[in-house]
Amino acid sequence: MKTELQKIPGVGPKMEEDLLQLGYTTIASLKGQYPQVMYERSCAIHGMQLDRCVLYVYRCAVYFAETACPDPEKCKWWNWKD
């Protein structure tokens, strides 16, 4: 299922599926969320420690949702590494 979530930089079909599993169905639903908590919930759902790249995409997605005019550099998930 393709939703508006794929408009978020770095969110393709797999990440969209992960966000939907967490209960996020729109870009607006990501506002005010905590990427670390989202990552931990995803790990629990999958029953394993996921790659940290998932956390970086979540950080980017929340930033994108909360920012009216996102900085293009901050829309690159790899710029959200620890």
- Determine whether Met48 and Val37 fall in the same hydrophobic cluster, where Ile, Leu, Val, Met, Phe, Trp and Tyr are linked whenever their side-chain heavy atoms lie under 4.5 Å apart. no

To the nearest 0.5 Å, atom CG of Leu55 lies from atom CG of Leu50 at 10.5 Å

Those residues at least two apart in sequence (or on a different chain) that pass salt bridge (Lys or Arg N to Asp or Glu O under 4.0 Å) with Lys31 are none

Single-linkage hydrophobic cluster Tyr34~Val57, side-chain heavy atoms < 4.5 angstrom:
no

**Asked** With no hydrogens and no angle check, do the side chains of Tyr39 and Gln49 hold a donor and an acceptor under 3.5 Å apart?
**Response** yes

Across all chains, not counting sequence neighbours, the salt bridge (Lys or Arg N to Asp or Glu O under 4.0 Å) partners of Arg52 are Asp82

Does a side-chain heavy-atom distance below 4.5 Å link Asp18 with Met38?
no

*Residue pair Gln6 / Pro13, side-chain heavy-atom distance below 4.5 Å*: yes

Determine yes or no for a side-chain-to-main-chain donor-acceptor pair under 3.5 angstrom, with Thr3 supplying the side chain and Leu5 the backbone. yes

ring-ring contact (aromatic ring centres under 6.0 Å, His included) pairs touching residues 61-82, sequence neighbours excluded, are Tyr63-Trp80

Nearest heavy-atom approach of Cys53 to Asp51 is N-OD1, 2.7 Å

Contacts of Glu66 meeting side-chain hydrogen bond (donor to acceptor under 3.5 Å, both in side chains) (sequence neighbours excluded), chain-then-number -> none

Of all heavy-atom pairs linking Val62 and Gln33, the shortest is CG1-O, 3.7 Å

- More than 12 foreign heavy atoms under 6.0 Å from NZ of Lys81: is that the case here? no

Using modelled atom types and a 3.5 Å cut-off, is there a donor and acceptor pairing between side-chain atoms of Glu4 and backbone atoms of Ile27?
yes

Nearest heavy-atom approach of Pro9 to Cys75 is CB-O, 3.0 Å

**Q.** Side-chain (Asn79) to main-chain (Lys74) donor-acceptor, under 3.5 angstrom
**A.** no

Those residues at least two apart in sequence (or on a different chain) that pass side chain to side chain contact (heavy atoms under 4.5 Å, CB included) with Ser29 are Tyr24, Thr26

Residues passing the side chain to side chain contact (heavy atoms under 4.5 Å, CB included) test with Ile45, sequence neighbours excluded, are Gln21, Leu22

All heavy atoms of Ala61 vs all of Ile8, minimum pair found to be CA-CG2, 3.7 Å

